[in-house]
Each structure stands twice: as structure tokens, then as C-alpha cells.
Amino acid sequence: MSVRLAHIGIAVRSIVDARVFYEEVLGLSVESVEEIESEGVKVALLPFPGGEIELLEPLADDTPVGRFLEKHGEGLHHLSFEVPDVHRSIVAGFEHGVETVGEAPRKGAGGRDIAFFHPLFTHGVLVEVCGAAVEGARHNNPDGDG
Ligand code: CO
């Protein structure tokens, strides 16, 4: 298994507002909406062949995505790459002085192991690495009302 782009994370103020562009103009569909309390974020996934758009709406101002919006406004928040071994990537990061953000690894959307590498060490973009999706772990709730 090789590395592939898993998703493009975009910080938005409102998933309800933001999904209109991605659905009506790009023709994508929201496959799931999931609240991840531990990250303080609501996540909408819109798959396309070869990847997904991940719309990130903060659950409160005092959360990582809430602070990102305050500082940068809406926009590209992170790139996520699926890697064969998240733990190996974290160790390789440590060996090269690349610091992670928060606990690494931890559980992300769909029950995957994830880790984030700080933009200071990745030439300006927050980079997420994730393991393979856990079968059946993803919620199927396109309306996001639960
Ligand atoms: Co992500």
C-alpha cells in the first residue's frame, strides 16, 4: 500500500452554508456529517474519485478550528494523506524534528488513527496522516442533524 491523498480539510463557519457550493457547483454530495467532540469540530465529508473534501465547522470559538477561523478566516485547513503506518510516520517525524499537534496518534473521523504535523515543520500546511478507514465506523447521516 502506498501513500494517497485522503482528504482536503477546509475550515468553514457553517457547513449548511458551505456545502451549497460543493454540492450545487462542483456536483459533490455530503456523504456523512459527524461531530467529533474531542476535536471540537463538526465534519462533513464529500467524496470524489481519489479523495474527499472535509468541511470543518467549529463547535465553539475556543477550539482548534474556531481559533483557525479567527486567525485566518475560512480556507484550506489541512491536507490528509493515508499512509501505510501512522505510527511509523510519527516516529519518522520525531527523528527529523517534526512536531505533531496535540496527541499523536488519536482517533479521527471514521475511527481512523490520525496525527497532525505542525505547519512550521511542513513548509506551511498542516499535514494530517491517517490509517485505513475502520469498516462500518463511519456514520451515515447526510443531513447532519444528529
Ligand atoms: Co482531516
Side-chain angles (χ1 to χ4, degrees), residues 1-23 26 28-94 96 98-144 146:
M1 182 190 158
S2 55
V3 175
R4 70 173 193 91
L5 179 69
H7 60 258
I8 300 163
I10 300 174
V12 302
R13 298 193 190 284
S14 161
I15 285 172
V16 169
D17 290 346
R19 66 186 286 176
V20 174
F21 170 78
Y22 293 94
E23 292 187 309
L26 283 191
L28 305 180
S29 297
V30 171
E31 180 190 78
S32 64
V33 178
E34 185 176 359
E35 281 190 17
I36 304 172
E37 294 284 341
S38 59
E39 306 280 342
V41 74
K42 191 175 189 177
V43 179
L45 294 176
L46 299 88
F48 56 85
E52 292 179 312
I53 297 289
E54 183 180 82
L55 300 178
L56 304 160
E57 176 189 317
L59 295 177
D61 291 341
D62 185 26
T63 58
V65 175
R67 286 189 289 273
F68 179 94
L69 283 173
E70 193 181 319
K71 200 169 168 185
H72 305 285
E74 294 187 312
L76 177 64
H77 180 266
H78 67 275
L79 296 178
S80 177
F81 295 95
E82 189 175 295
V83 297
D85 184 341
V86 170
H87 294 78
R88 202 210 68 80
S89 295
I90 293 167
V91 170
F94 286 149
H96 290 86
V98 177
E99 292 178 15
T100 52
V101 179
E103 193 188 333
R106 58 181 186 267
K107 293 294 179 190
R112 295 171 183 233
D113 278 335
I114 62 169
F116 288 94
F117 294 112
H118 196 287
L120 269 180
F121 305 91
T122 64
H123 308 268
V125 180
L126 180 62
V127 172
E128 175 184 356
V129 289
C130 65
V134 177
E135 203 61 38
R138 174 171 292 177
H139 298 178
N140 186 14
N141 181 13
D143 297 324

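Counting starts at 1 for both ligands and their atoms, following the listed order.
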Distance check below 2.8 Å: does His77 bring an N, O or S atom to the Co ion (ligand 1)?
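Of the N, O and S atoms in His77, none lies under 2.8 Å from the Co ion (ligand 1), which means no.
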So, Cys130 and the Co ion (ligand 1): N/O/S under 2.8 Å, yes or no?
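It does not: Cys130 brings no N, O or S atom closer than 2.8 Å to the Co ion (ligand 1).
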Under the criterion side chain to side chain donor-acceptor pair (under 3.5 Å), I'd like the reasoning laid out for Glu128 against His78: C-alpha separation, chi angles, the key distance, then a yes or no.
CA-CA 7 Å; Glu128 175 184 356; His78 67 275; 2.8 Å; yes
Just give me the atom name: the N, O or S atom of Glu54 closest to the Co ion (ligand 1).
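Going by distance to the Co ion (ligand 1), the closest N, O or S atom in Glu54 is OE1.
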Closest approach to the Co ion (ligand 1) by Glu128, given as the N, O or S atom name
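Looking at Glu128, the N, O or S atom with the least distance to the Co ion (ligand 1) is OE1.
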Answer yes or no: does atom CD of Glu70 have more than 12 heavy-atom neighbours from other residues, nucleotides or ligands under 6.0 Å?
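No, the 6.0 Å shell around CD holds no more than 12 heavy atoms from other groups.
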Using the rule side chain to side chain donor-acceptor pair (under 3.5 Å), only one of Lys107, Arg106, His87 pairs with Asp113; which is it?
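The single option meeting the side chain to side chain donor-acceptor pair (under 3.5 Å) with Asp113 is Lys107.
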Pair His7-Glu54, side-chain donor/acceptor within less than 3.5 Å
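Note: His7 and Glu54 side chains meet the donor-acceptor criterion.
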